[in-house]
Structures are given as C-alpha cells and as structure tokens.
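Here the structure is laid out as structure tokens; the discussion comes afterwards.
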Amino acid sequence: MKFIVKIHPEVFIKSKSVRNCFTKILECNIRIILKRRTKFVEVFNRRDHIEVNLQSQKYSDEILKALTHIPGIHYILEVQQSNFIDVNDICKQVLDLHCANIERKTFVVRVKRRGKHNFTSTELECQIGGVLNQAVNSACVKLVNPDVTINIEVINKQLNQVLSCHKGLGGFPLGTQEDVLSLISGGFDSAVSSYLHIKRGSKTHYCFFNLGGSTHEIGVKQVSYFLWKKYGSSAKVKFLEINFESVVAEILEKIEDSQMGVVLKRMFIRAGTMLAKKYNIQALVTGEALGQVSSQTLTNLRCINSVTDILVLRPLINWDKEDIIRVARDIGTEIFSRFIPEYCGVISKKPTVKAVIKKLEDEERKFDFSLLEHAVNNSHVVDIRDIKKESFGVVSKIEQVKTVEKHSIILDIRSPDEKDNTPLKIDGAKVQHLPFFRLSTQFGSLDQNKTYLLYCAHGIMSRIQALHLQEDGFDNVKIYRP
C-alpha cells in the first residue's frame with residue numbers, strides 16, 4: 001500500500017530554500033504522527049511530494065485518516081506503484097487494473113508525466129485509451145463528464161495508477177510559523193480560531209481562564225486536547241489554566257456595571273500577554289467576531305487592545321456565527337462547544353458598546369491589580385499530552401460499563417441528528433434518547449429508581465455530563481462504552 005502526499009500549492013511559491021525547509025518539516029510531522037500508530041510505515045521526501053509506504057493493509061484506513069488531518073497537505077493519492085519497460089507495458093498494466101471498472105461505462109485517461117520519455121502525456125493518454133477501448137467493447141471514451149476517470153502519473157521509470165484521491169487539510173506544515181497563545185473558552189469561536197492557526201502552521205498553545213468550575217474546566221481541556229490530537233499532535237504544546245475567580249469577584253464588586261465586560265476582556269489580554277512573554281510566544285489568538293457581542297464592537301476592541309504591546313490575532317473578525325458553527329461541525333468541536341457556556345458573556349447586565357479609555361482607566365484604578373498578578377503567577381501549566389489522563393482521571397470515580405445490567409436504561413445523549421443518522425439498538429436493553437443539552441433540566445424528571453448508562457459516540461460528552469449530574473447530586477449514572 002502506498003500513499004502519495006501532495007504538498008499545499010502555497011508552499012511552492014516560496015523560494016527554493018524555504019520550500020525545501022517547509023517540505024522537510026512536513027515530512028517530519030508526518031513521520032512523527034504515523035509512527036505513533038504503527039511501526040509498519042515508511043515516509044520518504046521526494047522534494048515535490050512525500051511518499052508513505054505501508055507494509056500492512058491493516059492500518060491503511062487509520063493512516064489515511066491521519067494524513068487528511070495534517071496541516072500542509074493538499075491531497076493524498078492512494079496508488080498502485082510499479083516500474084514499466086515501455087508504452088506497451090504501461091498499457092498492459094492499466095488494462096489489467098481497470099478492465100472490469102470500465103465495462104458498460106464511459107471513461108477518460110488523464111496522465112501527468114515527469115522525466116525524460118519518448119512520448120508526451122497526450123500521446124500516452126491516446127495510446128492507453130485506444131487499448132482500453134479496443135479491449136473492452138462495451139466501454140467508450142468520453143472526454144467530458146465520463147463515468148470513470150483513470151488518473152496516471154509517470155515519474156521517470158515509475159508508474160503510479162491512482163486508486164483514489166482524498167482531500168487534505170491544506171495550509172502550512174505545523175511549525176513553519178511562530179507560536180501563538182489561544183485564549184480558549186471552549187465555545188464555538190475560540191475552538192475554530194485555534195484550529196485556523198494550527199492549519200496555518202502555528203504551534204498553538206492554550207490559555208484558559210477558569211470562571212465556571214470543574215465542569216467548565218474539563219470541557220475546555222477536552223476541546224483543547226481534541227484539537228491538538230486531531231490536527232496538531234506533531235508538536236508539543238502547553239495548556240495554561242488561570243483561576244480567574246478572584247479577578248471576576250473584584251470586577252463585580254468594584255467596576256461599574258456597564259464597563260464590566262470590557263474590563264474583563266482587558267484583564268484577559270493583560271494576563272495572556274504576561275504568559276506569552278514568559279514563554280516567548282509571539283501573539284495572542286481570540287475568537288472575537290465583529291459585532292457579535294457588546295464587547296466586540298470596533299470601539300471596544302480598540303480599548304481592549306490598548307492594554308498590550310503584543311499582537312492580538314482575531315481570525316474570525318468578519319465571520320458570521322452560522323459559518324463559525326458550520327466549521328466547528330466540520331472539524332469535530334461542535335459536540336463540545338454546544339455544551340460549554342460562554343461565561344465571559346454574562347458578567348454585565350447593561351454593557352457599553354462604545355467604551356472610552358479614560359473611563360475604563362478611571363474604573364480600573366479601583367481594581368486591585370495584585371489579584372491579577374497572583375492569578376497569573378499561580379497559573380497551572382501542563383503538557384497537552386497529559387490532559388487526557390488528567391481530565392479523565394477526575395471522573396474516574398464514575399463507573400464505566402460495557403454490558404447493560406438489570407434495571408438499567410441506556411440514555412443516548414447524542415444530538416437528534418446524530419441519533420437519527422446512526423440509531424442505537426442494543427438487544428435486550430431499553431434505549432432512551434435525551435440530548436445532552438437537555439440533561440440538566442430534564443434528568444430529574446426521569447424515574448430515579450433506575451440506573452442510567454450515558455452513551456455518546458466518543459465517550460467524551462458522556463463523561464462530562466456524568467460529572468455534571470453527579471455534582472447535582474445524582475448518583476444513579478454510569479458511562480456506557482460498548
């Protein structure tokens with residue numbers, strides 16, 4: 001099994017030295033990620049593409065899936081690779097592979113060629129098409145919108161017959177751009193903005209301001225770990241957690257109501273700046289979008305930026321919420337973000353949309369900045385790789401089961417769309433559907449003499465919800481992982 005990895009086209013507009021550097025980094029990233037999955041894989045840098053040789057068909061699906069999530073890859077070709085002697089040999093090999101595929105169908109042959117040959121790409125297309133047309137009477141050449149397109153690459157004396165083509169993530173290889181620090185809340189916006197910078201080649205660290213207790217903390221850690229694991233696991237990154245309860249309490253006590261939201265955001269930026277400078281990180285990343293909430297007007301954003309001399313990046317600044325949620329769904333963070341509330345959005349009842357820096361500074365003179373310094377100095381820093389063990393360990397006391405016991409009900413907490421697309425049916429067991437976003441308000445109305453086995457697709461949301469229900473005093477919940 002062989003995959004041909006095509007590098008994102010933007011890499012090839014760079015100078016030769018930069019292009020070679022980017023390609024080498026991508027090669028290393030691919031090797032790091034794939035070697036974690038199996039030792040039966042080899043990665044080769046061919047300058048204009050990267051070859052991945054898989055010695056066991058067993059891991060092909062897993063390897064292909066991993067490749068589609070690595071930044072810097074344009075697309076992946078699954079190919080049958082061989083050597084050839086001449087044009088007749090090429091035609092024979094193509095006929096052997098595609099003879100059955102084109103019966104009673106229209107087809108076209110597309111050839112890409114590199115190296116010195118006594119034929120052109122067009123001549124080879126015509127030659128192969130003629131042989132196939134003659135050998136399969138029911139097949140017919142059609143140059144526009146055929147049923148089957150036969151893609152072939154000829155590189156020197158090597159023949160690559162393309163079996164399938166898979167879209168890559170695009171962007172730049174991770175590590176080709178400077179590090180950034182994402183101020184992540186776990187909501188749709190901060191998760192998508194973090195993803196966009198991973199895709200663009202920045203090693204993305206995470207900074208979380210804890211305002212909502214242990215359930216919020218676990219949810220944000222799971223989002224961050226998911227993003228790293230799926231899109232950025234070739235790099236080592238940090239997860240920084242700052243307990244902001246004392247800062248919020250000080251704001252609530254001393255800052256005028258209308259100014260609270262902007263002051264809180266200014267505190268976020270101040271704290272993020274301190275940590276970015278401490279760890280030599282070049283920029284902060286936020287999920288702010290223009291006009292989405294009161295603190296995100298141009299006037300307020302300018303006031304927020306004024307507290308730092310570090311670059312603040314806002315990749316979603318002109319995005320609509322619908323587009324943000326669509327991307328969150330596509331990249332897999334929607335299931336987390338739908339549950340995590342935006343705590344920073346509820347601090348002020350009558351927020352200003354046109355803050356004045358002088359008024360903000362007057363209000364902040366009432367603030368005890370030693371609380372901010374103490375919060376930053378006591379921030380908790382962990383390696384992102386340890387988050388899975390740490391966050392899952394918090395809920396280890398909640399039992400996980402594989403079989404359904406008597407008097408137990410499987411509670412399918414997936415979204416309605418997920419449930420409809422892949423219905424859960426377990427022989428001899430009762431399955432009840434209650435989406436996770438209704439658990440907090442409706443679980444108490446269920447028969448509490450029963451034990452409920454929470455189920456979701458990946459086991460992550462069921463853990464978060466089990467912890468949440470346990471904190472609310474329900475001890476009749478377990479996690480169902482068949």
Side-chain angles (χ1 to χ4, degrees), residues 1-11 22-46 48-81 160 162-177 191-192 194-204 206 222-237 239 327-336 383-389 392 457-460:
M1 173 68 68
K2 184 182 291 289
F3 295 108
I4 303 295
V5 175
K6 298 295 186 177
I7 303 164
H8 190 61
E10 283 188 61
V11 173
F22 279 28
T23 304
K24 180 64 178 177
I25 290 173
L26 179 57
E27 173 201 352
C28 293
N29 291 346
I30 292 173
R31 184 176 290 109
I32 288 169
I33 291 172
L34 299 190
K35 285 290 186 180
R36 290 195 190 120
R37 287 161 170 78
T38 175
K39 63 181 179 180
F40 301 109
V41 65
E42 297 177 310
V43 181
F44 300 98
N45 185 348
R46 303 304 189 195
D48 64 340
H49 70 275
I50 293 171
E51 287 186 11
V52 176
N53 295 339
L54 194 57
Q55 300 166 14
S56 172
Q57 184 75 20
K58 176 182 177 182
Y59 300 98
S60 60
D61 291 342
E62 185 178 357
I63 293 301
L64 176 60
K65 185 176 181 181
L67 288 171
T68 61
H69 296 148
I70 297 176
I73 295 178
H74 188 37
Y75 58 90
I76 306 103
L77 301 177
E78 184 179 350
V79 303
Q80 178 173 301
Q81 191 174 81
N160 290 329
V162 180
L163 305 178
S164 60
C165 178
H166 305 270
K167 189 176 184 301
L169 194 64
F172 289 139
L174 195 64
T176 57
Q177 309 301 313
V192 171
S194 300
Y195 158 78
L196 291 174
H197 278 281
I198 295 173
K199 178 181 176 182
R200 203 59 185 169
S202 289
K203 187 191 298 185
T204 302
Y206 302 93
Q222 295 289 3
V223 173
S224 304
Y225 180 82
F226 175 86
L227 285 168
W228 171 81
K229 181 68 174 177
K230 188 170 184 179
Y231 301 107
S233 63
S234 60
K236 297 178 182 179
V237 305
F239 182 91
V327 173
R329 185 178 303 121
D330 291 342
I331 66 177
T333 59
E334 182 196 25
I335 190 170
F336 304 96
D383 188 313
I384 195 80
R385 295 171 296 180
D386 297 331
I387 279 185
K388 183 176 182 180
K389 178 175 63 178
F392 275 75
H458 303 289
I460 296 172

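Heads up: numbering here begins at 1 and tracks the sequence.
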Please report the closest heavy-atom contact between [X] and [Y], naming both atoms and the distance.
X      : Y      : answer
Gly171 : Arg200 : CA-NH1, 4.4 Å
Gly170 : His8   : CA-ND1, 3.6 Å
Ile32  : Ser234 : CD1-O, 3.9 Å
Leu227 : Ile198 : O-CD1, 4.2 Å

Lys2: partners by salt bridge (charged side-chain N to carboxylate O under 4.0 Å, His left out), with sequence neighbours left out:
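If we apply the salt bridge (charged side-chain N to carboxylate O under 4.0 Å, His left out) test to Lys2, skipping adjacent residues, the hits are Glu51.
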
Mind checking the SG-CD1 spacing from Cys28 to Ile33? Nearest 0.5 Å is all I need.
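If we round to the nearest 0.5 Å, Cys28:SG and Ile33:CD1 are 11.5 Å apart.
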
Calculate, to the nearest 0.5 Å, the distance between atoms CZ and CD1 belonging to Phe226 and Ile387 respectively.
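Between Phe226 CZ and Ile387 CD1, I get 14.0 Å after rounding to 0.5 Å.
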
Is there a side-chain contact between [X] and [Y] (heavy atoms, below 4.5 Å)?
X     : Y      : result
Ile70 : Leu174 : no
Ile30 : Val5   : yes
Asn29 : Ile25  : yes
Ile7  : Asp48  : no

Just grab all the salt bridge (Lys or Arg N to Asp or Glu O under 4.0 Å) pairs involving residues 26-35, residues at least two apart or on different chains.
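As it turns out, the salt bridge (Lys or Arg N to Asp or Glu O under 4.0 Å) pairs with a partner in residues 26-35, which skip direct neighbours, are Lys24-Glu27, Glu27-Arg31.
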
Under 3.5 Å, side-chain donor or acceptor atoms of residues 54-68 against the rest of the protein: list the pairs with distances, not counting sequence neighbours.
unit_1	atom_1	unit_2	atom_2	d
Ser56	OG	Lys58	N	3.3
Ser60	OG	Gln57	O	3.0
Thr68	OG1	Lys65	O	2.7

Please walk me through it: do Gln81 and Ile4 pass side-chain contact (heavy atoms from CB on, under 4.5 Å)?
CA-CA 10 Å; Gln81 191 174 81; Ile4 303 295; 4.2 Å; yes

Does Tyr225 have any ring-ring contact (aromatic ring centres under 6.0 Å, His included) partners at least two apart in sequence or in another chain, and if so, which?
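In terms of ring-ring contact (aromatic ring centres under 6.0 Å, His included), with neighbours along the sequence ignored, Tyr225 is linked to Trp228.
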
Return the set of residues passing ring-ring contact (aromatic ring centres under 6.0 Å, His included) with Tyr231 (not counting sequence neighbours), or none when no residue passes.
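Tyr231 satisfies ring-ring contact (aromatic ring centres under 6.0 Å, His included) with His69, Tyr195 once adjacent residues are dropped.
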
Could you tell me whether a side-chain N or O of Ser202 sits under 3.5 Å from a main-chain N or O of Thr204, the two making a donor and an acceptor?
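No, Ser202 side chain to Thr204 backbone: no donor-acceptor pair under 3.5 Å.
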
Look at the side chain of Arg36 and the backbone N and O of Ser233, then say whether any donor-acceptor pair between them is shorter than 3.5 Å.
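Pair found, side chain donor or acceptor close to backbone of Ser233.
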
Just do the side-chain contact (heavy atoms from CB on, under 4.5 Å) check on Val192 and Leu196 with the steps written out, would you?
CA-CA 6 Å; Val192 171; Leu196 291 174; 4.2 Å; yes

Report all side-chain donor-acceptor pairs from residues 71-80 shorter than 3.5 Å, counting only partners two or more places apart or in another chain.
unit_1	atom_1	unit_2	atom_2	d
Glu78	OE1	Ser164	OG	3.0

